[in-house]
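Each chain gets a letter, A, B and so on, in the order the sequences are listed, and its residues count up from 1.
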Amino acid sequence: MRVRFAPSPTGHLHVGNARTALFNWLLARGQGGTFILRIEDTDVERSTRESEQAILDDLRWMGLQWDEGVEVGGDFGPYRQTERLQAYAEHAERLIAEGKGYFCFCSAETLDAQRKAQLAASQPPKYAGTCRNISTADAAARRAGGERAVIRLRVPEGREVAFTDVVRGLVTFNTEVIGDPVLVRSDGIPAYNFAVVIDDEQMKVTHVIRGEDHISNTPRQILLYEAFGYTPPAFAHLSLVMGPDHAPLSKRHGATSVREFREKGYLPEALVNYLALIGWSPGQNEELLPASELARRFRLENVAHSAGVFDEDKLAWANRHYLKLCDPARLAELAEPHLRTRKQIVGPLSAEARTWLAIVLPGMAASVDRLPQLADRLEAVFRTPEGTLENEPGLPEVAAALAQELQGGLRLLDKDTFRSLAGRVKDRTGLKGKGLFHPIRVVLTGAAEGPELDLIVPAIDRAADLRESGLAPVASCQERAEAAAHRLRT
RNA sequence: GUCCCCGUCGUCCAGAGGCCUAGGACGUGGCCCUUUCAAGGCUAAAACACGGGUUCGAAUCCCGUCGGGGACGCCA
């Protein structure tokens, strides 16, 4: 089994396309097949190397490594269409020689006008066949005279073209509704329908799994396979990914590209797992499974027929799950850029600071949706608790008690020392419960809300020890308590 | 307009003629846990688009209607 993902490098990888790539990958991995990555850059105007690189990066970020294709090579390359022009030219010549293709001299303007007229007359827009019967000799003469021409496929009239879609079953088209498609543009660059057929044939692709928007291209391609005498691969068309309003997911719905979700702080394994759940189910009422297990269970036949709405809430749920499973050192690494944008990290990180992050972050990640929210939780560490909540009941007493208790240089490096400190503050002030912990929070973190106190307090004291570590400077608990006590006295 | 595809809780899926009093998950509500916000646990409400058939029996098969989407490019 050989499958391929064939993006055109005209922008970032859309999550819908990412899902198509994923389904190809799952099938290949699950069945011991080969996953090929081919770049369809025949739209020279819009294709860029930057986009291509971005797509490659996103695919790799998701863990969808390809076995054959650009950058990794393989026996059936090249894997970029603009590098395969020779093969297309040979096939075009063959079609012309056999009379299965013909030159068309209609100008883009003429065609456009015809199309508009047909639409206005409630007719299906379809190429009129104007140049169908120009003789080979005439065509050659006109071309020799400098006239520009495209090559079109001569579509047989009144025929049924049918194929069995692996996800949908039998699909039938009548050639009456298909106009002769352009195979080669006037500049000699092949058009999509032509290039894919040759590529898939030469790359020995056995299963073409792509978006539903290609379903009506399939009969044209089958006609081409027939014209060349090639055996068509199996086709499978995946329904599209929609926005909440059931329109195709687009920028007005918010984030649409893999890159954006990555930047928003979603883990690749969460995105991959969630994407697999749109239009497919691993079964057994299980949803959160590693990619390898998804691949093991994946069957094209079980893919849903209808379009799915992208639900970011559910993505966030998956992300929470994987955040909890995330290795501490990796979590620290992933969080770093987000903490930098919040100025919580301001320089090159020392090894100690990395360790600190790896100790502190996992506890906070347990209650967070996405990476940047880790910075929210950490805010309590870096915030200087001044000028806040002067009127909080119990605040002066607690501040004084804390200052007293911490005077001996007591370090609050773990939950237990913090709790015993809280106990002594309770004895000194007679406060308890909310009335006790609330003021403690305000004195030490400068805010009435935040993550678990016994998580954050040790984090503060540990961070206070890390000068010149790359972390933004942090005042110790003792310094905070004394400053607060001083201020509240005056 | 024509052709193609699709139609189970708000959303994503399970369901391949009796196992359905339609199951799970996200989200929502409630309760519990808790020093706050979360997270977590438990729990509740919530759907077979509609109309005809076929059949002893239909969410499951057929037809129609309606609704949604796609395609109709010298874009892919």
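- Straight-line distance between the C1' atoms of B/A58 and B/G15: roughly 13 Å, to the nearest whole Å.
- The nearest whole Å value for the distance from the NE2 atom in A/His246 to the C1' atom in B/G70 is 15 Å.
- For B/G10 and B/C5, the P atoms lie 27 Å apart once the distance is rounded to whole Å.
- Comparing the same atom, C1', in B/G17 and in B/A22 gives a spacing of 15 Å after rounding to whole Å.
- Using a 4.0 Å cut-off, some side-chain N or O of A/Thr42 falls inside it from OP1 or OP2 of B/A76.
- For B/G1, the paired base is B/C72 (Watson-Crick or G-U wobble, both distances below 3.5 Å).
- Under the 30°/60° scheme for interplanar angles, the aromatic rings of A/Phe235 and A/His237 are found to lie parallel.
- Atom name C1', nucleotides B/G24 and B/C66: the rounded distance is 30 Å, in whole Å.
- Between the side chain of A/Ser47 and the backbone N or O of A/Val44 there is no donor-acceptor pair closer than 3.5 Å.
- Contacts of A/Ser216 with the nucleic acid, taken as non-hydrogen atoms under 4.0 Å apart, involve only primed sugar atoms and P, OP1 or OP2.
- Summary of the strand contacts: A/Asn174 and A/Asp41 both lie near RNA chain B, and taking for each the nucleotide with the nearest heavy atom, the more 5' one is attributed to A/Asn174.
- In this structure, A/Arg441 forms no cation-pi arrangement with A/Phe437, as its terminal cationic atom is not both closer than 6.0 Å to the ring centre and no more than 45° off the ring axis.
- In this entry B/U60 has no Watson-Crick or G-U wobble partner, no candidate having both defining distances under 3.5 Å.
- Across all strands shown, B/U35 forms no Watson-Crick or G-U wobble pair with both key distances under 3.5 Å.
- Distances shown here put every side-chain N or O of A/His438 at or beyond 4.0 Å from the OP1 or OP2 atom of B/U36.
- In this model, the phosphate group of B/C74 is not approached by any side-chain N or O of A/Arg148 to a distance below 4.0 Å at OP1 or OP2.
- Computed from coordinates, the A/Asp454 CG to B/U36 P distance equals 12 Å when rounded to whole Å.
- Atom C1' of nucleotide B/C4 and atom CG of A/Leu240 are separated by 14 Å, given to the nearest angstrom.
- The gap from the P atom of B/G70 to that of B/A25 amounts to 32 Å, rounded to the nearest Å.
- Spacing between B/U11 and B/A16 at atom P, rounded to whole Å, works out to 23 Å.
- A/Tyr274 and A/Phe310 have perpendicular rings, their planes meeting at more than 60° on a 0 to 90° scale where under 30° would count as parallel.
- Scanning atom types as modelled, one donor and one acceptor separated by under 3.5 angstrom connect the side chain of A/Glu287 and the base of B/G24.
- Between B/G7 and A/Arg168, no contact under 4.0 Å exists linking OP1 or OP2 to a side-chain N or O.
- Here the C1' atom of nucleotide B/C12 and the CG atom of A/Asn285 are 13 Å apart, to the nearest Å.
- Among the heavy atoms of the strands lying under 4.0 Å from A/Gly308 are primed sugar atoms or P, OP1, OP2 only; no base atom is included.
- A donor-acceptor contact under 3.5 Å links the side chain of A/Glu452 to the base of B/C37.
- Remark: the separation of the P atoms in B/U54 and B/C13 is 33 Å, to the nearest Å.
- Judged by distance alone, the side chains of A/Asn24 and A/His207 never bring a donor and an acceptor atom under 3.5 Å apart.
- Nucleotide B/C66 has B/G7 as its partner under the Watson-Crick or G-U criteria, with both atom distances under 3.5 Å.
- Applying the 4.0 Å criterion to OP1 and OP2 of B/G27, one finds that A/Arg320 has a side-chain N or O inside that range.
- Taking 3.5 Å as the limit, the base of B/C74 and the side chain of A/Ser186 contain a donor-acceptor pair of atoms between them.
- Taking the six-membered ring where the residue is Trp, A/Phe163 and A/Phe173 present parallel rings, their angle staying beneath 30° rather than reaching 60°.
- Across all strands shown, B/G23 forms a Watson-Crick or G-U wobble pair with B/C13, both key distances being under 3.5 Å.
- Residue contacts shown for A/Thr172 are limited to sugar-phosphate atoms, with no base heavy atom under 4.0 Å away.
- In this model, the phosphate group of B/U35 is not approached by any side-chain N or O of A/Lys426 to a distance below 4.0 Å at OP1 or OP2.
- When both distances must be under 3.5 Å, the Watson-Crick or G-U wobble mate of B/C48 does not exist.
- Both thresholds, 5.5 Å between centres and 30° between ring planes, are met by A/Phe437 relative to the base of B/U35, so the two rings are stacked.
- Side-chain N/O atoms of A/Arg152 and base N/O atoms of B/C74 include no donor-acceptor pair closer than 3.5 Å.
- Searching all strands for a Watson-Crick or G-U wobble partner of B/G29 with both distances below 3.5 Å returns B/U43.
- Not a single donor-acceptor pair, N or O on each side, falls under 3.5 Å between the base of B/A71 and the side chain of A/Asn217.
- For the pair A/Arg297 and A/Glu293, the salt-bridge criterion is met [side-chain N within less than 4.0 Å of a carboxylate O].
- Comparing A/Arg419 and A/Pro124, the nucleotide of RNA chain B nearest to each residue sits closer to the 5' end for A/Pro124.
- A/His237 comes within 4.0 angstrom of nothing in the nucleic acid, heavy atoms only.
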Report task. In sequence, state the C-alpha distance, the side-chain angles, and the governing distance for A/Tyr102 and A/Asp180, and then conclude on side chain to side chain donor-acceptor pair (under 3.5 Å). Result -> CA-CA 10 Å; A/Tyr102 62 92; A/Asp180 294 350; 2.6 Å; yes
